[in-house]
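On a predicted model such as this, the values are computed, not experimentally measured, just so you know. Residue numbers begin at 1 in each chain, while the letters A, B, ... track the order of the sequences.
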Amino acid sequence: MREKVVGALEGALHKARRKGQLKIESFPMVTLDLPKRPEWGDLATTVAMSLASSEQRSPHDVAQIILENLDRPEAIFDRVEIARPGFLNMTVKRELWLEVLNEIEEQGQAYGRSDLGKGRRVLVEYVSANPTGPLHVGHGRGAAVGQAIANLLTATGYDVASEYYINDAGRQIKLLGASVYARYQELHGRRVPFPEDGYRGAYIEAVAAHVRDRVGSTLLELPVEQGQQRCQDLAYHELLDGVRQDLQSFGIEFDSWFSEASLLSSGSVEQVLEDLKRRDLLFEQDGALWFRATAFGDEKDRVVRKQEGEYTYLASDIAYHRDKLLRGYDLLIDVWGADHHGYIPRMEAAVQACGHPKDCLRVVLVQMVNLVRGGQKIEMSKRAGEFTTLREVMDEVGTDAAKFFFLMRRSDTPLDFDLELAKQQSAENPVYYVQYAHARAASLFRVAEARGIPVPKPSETELGLLTDQDELGLIRALSRYPSVVEASAAALEPHRLTFYLQELAALLHNFYYKHRIMPSTGQVESSDAERFVKVDEAPPVRPREQITPGLTAARLALMREVQQVIRNGLGLLGIAAPDRM
RNA sequence: GCGCCCGUAGCUCAGUUGGAUAGAGCGUCGGGCUUCGAACCCGCAGGUCGCAGGUUCAAUUCCUGCCGGGCGCACCA
């Protein structure tokens, strides 16, 4: 439908250029907007205004020329008008709108998908939490956002893979081993100092107890270094397993898990650094090795190997990103905690140093989650190891509610997450609001079935019976869905889809309340002919609508496609579309 | 001090990547179930889009400056 309208407008532009009425040096994108007021029609475009300056004509003149060059406009439009500065307001023929329902039926799950990405390969890296403790709510938000972005890109024609980067090398993981070893010794009655900056969470003691259960007191005999190393290995595996399980429960699966340590053991890190050195992008100073990040727009050069000879996190990160690019990905998406934002220029410098354009890396920042219960903030202290885990939140509010809340706002603004609200099964809870719309349609179909009324495909019904503004409003909303998916994917902003689904659900609820779809059990069935008689009479108080078999069929088909779109949208967000609640 | 992000209704936030008279949810107030799911619907009220300039047919959106808030500014991750 939209293609036809855009096609007609583009045709008019071409024709005007052939005739010399417009110069059109660079062809503009013809975009369709929704007019804000119904009297302005159902679609609008601003092409005329965007062409005005390069044509050196008034927006109104350009609009006039486009209008005059439309081929057989009566085939597509009921009305096309020029409004104030140079809007082209269009009223599309009702038959074309109704066609949308057939499109959705034919495409089914694929409705909303496109090939914008043209098969470009994308790697979405997300969560990537240090395996030094359980996932907390912030990681949950990153997980929901990352998954939704991966789904959106898949839907828009990218070849997507997802990956979790495991920080299993370096200081943090060593601290984990030292912390567990300290607790382990305490369990055996030794009084030892706890490592400074060690992990103090209660889970560390549990891990230490598991170590004791497995190896008894044998680690006490070992030199400290070895004891810590053994604890590190055991703790790391246990915690990473926990992370995997939490993510699985949250409905998230990664195509691959990538180990930082493997970059060091494989020589990848040394290889990149040599490569950079050869190209004069490394230099030594004060006994350390520096990456010339300023050559690519970063404000400072950055250390990649410390004085003591240890590599920094940046060194493995450069190697990691080069590795991703070497694996053939055209676009890298990193989902990070917003506190890492200062790191972006550095990573952009890194990918450029690897010979790729800056924009082959896109970083999505995820701001923190403030847990709220009944209006009161729940304080979390990471230092003391007191934080609410993703597991606890999932167990309390469910995965669907958690995901929906995580996706309700732009990811780069802080989120207040009200646990009581998320749990509440009421109108105030937006998750249930949307899911209920889907379940309501399902319920409707069950009732129809029980009454022996089939739920037809749109093509099997007389769609022309859908004449009500509420029906057309729903169809217009459905027609917008593909562009919402495209825009969400292009901007890497899943929340746009979340908002759309709330709007669509609202339209369904409103329609459902105002109109009957099947005749009331008490109502005498009337024929389609009688219905029109009723309308003609136009009584002062609008009586209950006469529901004819034809109208029932058409409305059921409409509901079927609304349900399809809600299901598709929730699917992209990784949220279930239940038939019953 | 420097850099990034954010200031939109009482609260929490959208605003289709520069468009028409700026929207939604919650909250307040009022109304609606003899019906296919009331986990729902309808209505009222609520705004100098932080402030001041600039760019143009058009600015909540882009640029500059200021005010206010958050986060970064490691040879930590």
Side-chain angles (χ1 to χ4, degrees), chain A residues 31-37 40 44 46 49-50 52-53 58-60 83-87 89 130 132 167 170-173 175 197 260 286-290 299-300 302-308 310-314 317 338-345 365 367-368 375 408-410 412-416 418 421 424-433 435-437 439-448 450-451 453 480 483-484 486-488 490-491 493 495-496 498-500 502-503 506 508-523 544 552 556 559 580-581:
Chain A
T31 54
L32 298 178
D33 303 306
L34 299 180
K36 293 193 176 164
R37 302 171 73 84
W40 294 337
T46 56
M49 289 183 282
S50 54
S53 63
S58 75
H60 188 277
R84 272 155 336 201
F87 289 96
N89 287 336
N130 287 345
T132 54
N167 296 117
R171 205 174 96 90
Q172 298 307 317
I173 200 83
L175 262 177
D197 298 329
E260 179 187 4
D286 307 331
L289 197 59
W290 298 68
E299 57 182 13
K300 288 182 193 167
R302 309 288 176 176
V303 171
V304 287
R305 199 180 60 211
K306 308 175 203 172
Q307 284 177 337
E308 318 90 78
E310 231 177 298
Y311 291 116
T312 62
Y313 181 83
L314 177 63
D317 236 353
D339 54 342
H340 290 63
H341 72 258
Y343 211 80
I344 295 175
L365 296 177
Q367 268 288 6
M368 58 183 309
M408 248 179 356
R409 305 208 188 313
R410 302 173 55 103
D412 61 359
T413 66
L415 170 68
D416 287 335
D418 191 323
L421 176 60
Q424 210 172 324
Q425 307 204 352
S426 75
E428 289 112 73
N429 187 341
V431 191
Y432 287 95
Y433 187 82
Q435 287 187 322
Y436 179 46
R440 230 177 179 181
S443 162
L444 185 69
F445 302 152
R446 284 193 295 272
V447 173
R451 289 209 213 159
I453 301 172
R480 264 175 60 214
S483 52
V484 171
E486 277 177 20
S488 296
E493 291 180 350
H495 76 276
R496 297 193 190 195
T498 314
F499 272 83
Y500 169 83
Q502 291 184 81
E503 278 172 40
L508 180 136
H509 289 309
N510 172 275
F511 182 82
Y512 187 90
Y513 180 81
K514 278 164 74 176
H515 305 279
R516 288 201 60 81
I517 289 158
M518 287 172 281
S520 312
T521 34
Q523 190 182 336
R544 182 155 296 156
T552 292
L556 281 170
M559 289 298 117
R580 295 172 200 274
M581 299 172 62

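- Candidate nucleotides B:A20, B:A77, B:C4 were compared by shortest atom distance to the side chain of A:Asn130, and B:A77 ranks first.
- As a whole-Å value, the separation of A:Leu365 CG from B:G72 P is 12 Å.
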Would you tabulate the pairs of protein nitrogen or oxygen atoms and nucleotide nitrogen or oxygen atoms of nucleotides 56-59 of chain B closer than 3.5 angstrom?
residue	atom	partner	partner atom	Å
B:C57	N4	A:Met49	O	3.4

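- Counting heavy atoms from C-beta on, the side chains of A:His60 and A:Ser58 come closer than 4.5 Å.
- With rounding to the nearest 0.5 Å, the separation of CZ in A:Arg496 from CZ in A:Arg410 is 8.0 Å.
- The interatomic distance linking A:Arg516 (CZ) with B:U34 (P) rounds to 12 Å, in whole Å.
- The closest side-chain heavy-atom distance from A:Glu493 to A:Ser488 is not below 4.5 Å.
- Applying the Watson-Crick and G-U wobble criteria (two distances, each under 3.5 Å), B:G30 pairs with B:C42.
- Taking every side-chain heavy atom of A:Arg451 into account, B:C36 is the closest of B:A20, B:C36, B:C41.
- For B:G31, neither phosphate oxygen OP1 nor OP2 lies less than 4.0 angstrom from any side-chain nitrogen or oxygen of A:Tyr513.
- The residue among A:Pro35 and A:Glu260 whose nearest nucleotide of RNA chain B lies closer to the 5′ end is A:Pro35.
- In this structure, B:U17 is classed as syn because its glycosidic torsion stays within 90° of zero.
- Here the side chain of A:Thr552 pairs a donor or acceptor atom with the backbone of A:Ile517 at under 3.5 angstrom.
- A:His341 places its NE2 atom 16 Å from the C1' atom of B:A77, with the value rounded to the nearest Å.
- A:Asp197 contributes no side-chain N or O that forms a donor-acceptor pair with the base of B:A77 under 3.5 Å.
- By the 5.5 angstrom centroid cut-off and the 30-degree plane limit, A:Phe87 is classified as not stacked against the base of B:G19.
- In this structure, of B:C71, B:C75, B:G15, it is B:G15 that holds the atom nearest to the side chain of A:Arg496.
- Using a 4.5 Å cut-off on side-chain heavy atoms (C-beta onward), A:Leu365 and A:Ile344 make contact.
- Both A:Asp286 and A:Gln502 sit near RNA chain B, but only A:Gln502 has its closest nucleotide nearer the 5' end.
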Q | Under 4.0 Å protein heavy-atom contacts per nucleotide of nucleotides 5-12 of chain B, with B for base, S for backbone only and - for none | A | -------S
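- Checked by atom type and distance alone, the side chain of A:His341 pairs as donor or acceptor with a backbone atom of A:Ala338 at under 3.5 Å.
- Under the Watson-Crick or G-U wobble criterion, with both distances below 3.5 Å, B:G1 is paired with B:C73.
- Rounded to whole Å, the distance from CG on A:Leu175 to C1' on B:A77 is 10 Å.
- Pair assignment for B:A20 gives none, since no Watson-Crick or G-U wobble pairing has each distance under 3.5 Å.
- If you check B:A77, B:C75, B:U21 against the side chain of A:Asn167, the one that comes closest is B:A77.
- A distance-only check finds no donor-acceptor pair linking the side chain of A:Asp286 to the backbone of A:Ala288 [under 3.5 Å].
- Residue A:Asn510 places at least one side-chain N or O closer than 4.0 Å to OP1 or OP2 of B:C42.
- Separating the CG atom in A:Leu34 from the OG atom in A:Ser483 is a distance of 7.5 Å, to the nearest 0.5 Å.
- Proximity note for A:Tyr436 (side chain, C-beta onward) versus B:C36, B:G3, B:A38: the nearest is B:A38.
- Taking the side chain as every heavy atom from C-beta outward, A:Val304 and A:Tyr311 never approach each other to under 4.5 Å.
- Distance, A:Asn429 CG to B:G27 P: 12 Å, rounded to whole Å.
- Between the side chain of A:Gln502 and the main chain of A:Pro430, no donor-acceptor pair closer than 3.5 Å is present.
- When Watson-Crick and G-U wobble pairs are counted only if both distances are under 3.5 Å, B:G65 pairs with B:C51.
- Take A:Arg580 and apply the side-chain hydrogen bond (donor to acceptor under 3.5 Å, both in side chains) test, not counting sequence neighbours, and it matches no residue.
- In this structure B:C11 sits in a base pair with B:G25, meeting the Watson-Crick or G-U test at under 3.5 Å.
- The separation of B:G30 from B:U64, taken at their C1' atoms, amounts to 49 Å, rounded to a whole angstrom.
- Minimum atom distance to the side chain of A:Arg37 is reached by B:U21, of the listed B:C36, B:A77, B:U21.
- Applying the 5.5 angstrom centroid cut-off and the 30 degree plane-angle cut-off, the aromatic ring of A:Phe499 is not stacked upon the base of B:A14.
- Side-chain nitrogen and oxygen atoms of A:His495 include at least one within less than 4.0 Å of the OP1 or OP2 phosphate oxygen of B:G15.
- Atom OH in A:Tyr432 sits about 12 Å away from atom P in B:C40, given to the nearest Å.
- Proximity of A:Met559 to A:Leu444: side-chain heavy atoms (C-beta onward) are separated by under 4.5 Å at one or more points.
- The CG atom of A:Leu32 sits 11 Å away from the P atom of B:U17 (whole-angstrom rounding).
- Of the listed nucleotides (B:C36, B:G3, B:C75), B:C36 has the atom at the smallest distance from the side chain of A:Tyr512.
- Whole-Å rounding puts the A:Lys36 NZ to B:G18 P distance at 14 Å.
- Side-chain N/O atoms of A:His340 and base N/O atoms of B:G72 include no donor-acceptor pair closer than 3.5 Å.
- The listed nucleotides are B:C36, B:C40, B:A74; the one nearest the side chain of A:His509 is B:C40.
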